[in-house]
There are 2 protein chains.
Amino acid sequence: MTRSNGRQETIDLLMGLSHALSTNFNTVAGELGVSALHARALFNLDQPAAMRDLAATLHCDKSHVTGIADGLESRGLVTREPDPRDRRVKQLVLTTEGRRLRTELRRRLVDDAPVLSRLTADEETQLRGLLRAAFERHTEENGGGPGCG
Amino acid sequence: MTRSNGRQETIDLLMGLSHALSTNFNTVAGELGVSALHARALFNLDQPAAMRDLAATLHCDKSHVTGIADGLESRGLVTREPDPRDRRVKQLVLTTEGRRLRTELRRRLVDDAPVLSRLTADEETQLRGLLRAAFERHTEENGGGPGCG
DNA sequence: TATTGTTATACTCTATAACTATA
DNA sequence: TATAGTTATAGAGTATAACAATA
C-alpha cells in the first residue's frame, strides 16, 4: 500500500488525459467533416497500406476495413490500388485530397492538444522524455508502440 | 515549426498510451465478467449518484443510463433507490457485490497498468507531477478533471 | 490448403424523440 | 412549463462466418 495510492492517482490522471485526448480527436475530425473512424484510418495512412495491414493497425477485423475503405473511397480520400506482387492484395493510397485532409488533421491535433497546452515547453519536454522511456522499455507485449491504433 | 515536431511526438506517444490504457481497461473488465461499459459505470459509482448525474459523468444521454442500470441491476451490482427529496430521481447505489467488483477493478487497473509499469518509482512521481500541473491549469473548458468519464 | 478482400448477418454502444410522473 | 427516468427506434461501430479469387 506504500506506492498504490500515488499510482492510483497517476492512473486517474492518465485516464482523464486519455479521455480529453479522444474527445479532442473526435471534435477535430468532426470539424473536418469526417467520422472519428475515418479520421483514425487517414491518420494511419501516411504510407500506402494493404487492407489487411490497416486492419492490424486499427486492431479490427479485415471485414471492417472494407466498409471504412468504401466510405473513404466514395469521399475521394483514398483509392484501392492493385499490388503487382500479390493480386489478392489491394493497397489503400491517399489521394491528393486525402493527403491534404490528413495533414490538416495532424496540424490541428498538434495545435489544439488539450491539457498539454497547459505545460511549459520545459515540462512538455520532460513529459515526452518520460513517455519515450516508458515505451522503449514497453516491448511488444501490448500491441506495440505509440500511434493512433 | 520550432516546437511542432516535438509536440507531434508527444501527441503520438500520448495517443499510444491512451490506446494501451483503454485496451487494458477492456481486458480487465472482461476478466471480471463485465462489459467495458458496465465497468466504466461501476468505476464512477464510488458514491451513489442520480442517473442524470451518471449520464453527465459518462458524457452520454440519460436514456442510455437506463439500459446500463438495467444491466447492472439484473446482475445484482447496483440498486435503484428513491430520492426522498425529489421523487422523480433514482439514486444508483452499489450493492455489496458491486462494491467488491469495483474495488477489484481498481486494484487490477493499478497493478496491471501497461507502459506505466516500465517507469521507475521516481519517473512515475515525475510523471504524476506533470499531469497534475497540467490538469490544475486546465480549467473547466474540456469537461473537467481526470477520471473515467 | 491458406490468405486477401467481400458480403451477409447480428450484436453492442449511443443518440433522438415521444412519453410518464413528478416538480 | 421544465426535469428525471423510460420506451421505442434508428444509426454507428464491430465481430463472425461463408464466399471468391489468388497464392
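In what follows, every chain begins at residue 1, and chains take the letters A, B, ... in the order their sequences are listed. Everything numeric here is computed off the predicted structure, so don't read it as measured data.
If Ile68(A) and Arg85(A) are placed on DNA chain D by their nearest nucleotide, the residue sitting closer to the 5' end is Ile68(A).
Under the salt bridge (Lys or Arg N to Asp or Glu O under 4.0 Å) criterion, the residue pairs touching residues 66-76 of chain A are Asp70(A)-Arg80(A), Glu73(A)-Arg80(A), with sequence neighbours excluded.
With salt bridges taken as basic N to acidic carboxylate O contacts below 4.0 Å, none links Arg106(A) and Asp111(A). With respect to the salt-bridge test (charged N to carboxylate O, under 4.0 angstrom), the residues Arg87(B) and Asp83(B) do not qualify. Contact check on Arg118(B) versus Glu123(B) returns no salt bridge, with no Lys/Arg side-chain nitrogen under 4.0 Å from an Asp/Glu carboxylate oxygen.
Taking the salt bridge (Lys or Arg N to Asp or Glu O under 4.0 Å) definition, one finds that Arg108(A) meets it with Glu31(A), Glu104(A), sequence neighbours left out. Under the salt bridge (Lys or Arg N to Asp or Glu O under 4.0 Å) criterion, Asp86(B) pairs with Arg88(B), sequence neighbours left out.
Contact footprint of chain A on DNA chain D: nucleotides with an atom under 4.0 Å from a non-hydrogen protein atom, first to last in 5' to 3' order, dG13(D) to dA23(D).
Annotation: side chain of Leu130(B) is in contact with side chain of Leu130(A) (closest heavy-atom distance under 4.5 Å).
Classified by interplanar angle (parallel below 30°, tilted 30° to 60°, perpendicular above 60°), the ring pair Phe43(B)/Phe25(B) is perpendicular.
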message = Applying salt bridge (charged side-chain N to carboxylate O under 4.0 Å, His left out) to Glu136(B) and Arg132(B), what does each step give before you reach the verdict?
response = CA-CA 6 Å; Glu136(B) 271 160 21; Arg132(B) 220 187 263 148; 5.4 Å; no
query = Stepwise, does the salt bridge (charged side-chain N to carboxylate O under 4.0 Å, His left out) test hold for Glu81(A) with Lys90(A)?
reply = CA-CA 5 Å; Glu81(A) 305 291 346; Lys90(A) 293 172 189 169; over 6 Å; no
Pairs: protein N or O with nucleotides 2-6 of chain C N or O, under 3.5 Å:
residue, atom, partner, partner atom, Å
dT3(C), O4', Arg88(A), NH1, 3.3
dT3(C), O2, Arg88(A), NH1, 2.8
dT4(C), OP1, Arg52(A), NE, 2.7
dG5(C), OP1, Met51(A), N, 3.1
dG5(C), OP1, Lys90(A), N, 3.0
dG5(C), OP1, Lys90(A), O, 3.1
dG5(C), OP2, Arg52(A), N, 2.5
dG5(C), O3', Lys90(A), NZ, 3.3
dG5(C), N7, Lys62(A), NZ, 3.2
dG5(C), O6, Lys62(A), NZ, 3.4
dT6(C), OP1, Arg80(A), NE, 3.0
dT6(C), OP1, Arg80(A), NH2, 3.2
dT6(C), OP1, Lys90(A), NZ, 3.1
dT6(C), OP2, Thr66(A), OG1, 2.9
dT6(C), OP2, Arg80(A), NH2, 3.3

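Of the residues in residues 27-37 of chain B, not one comes within less than 4.0 Å of DNA chain D through any heavy atom.
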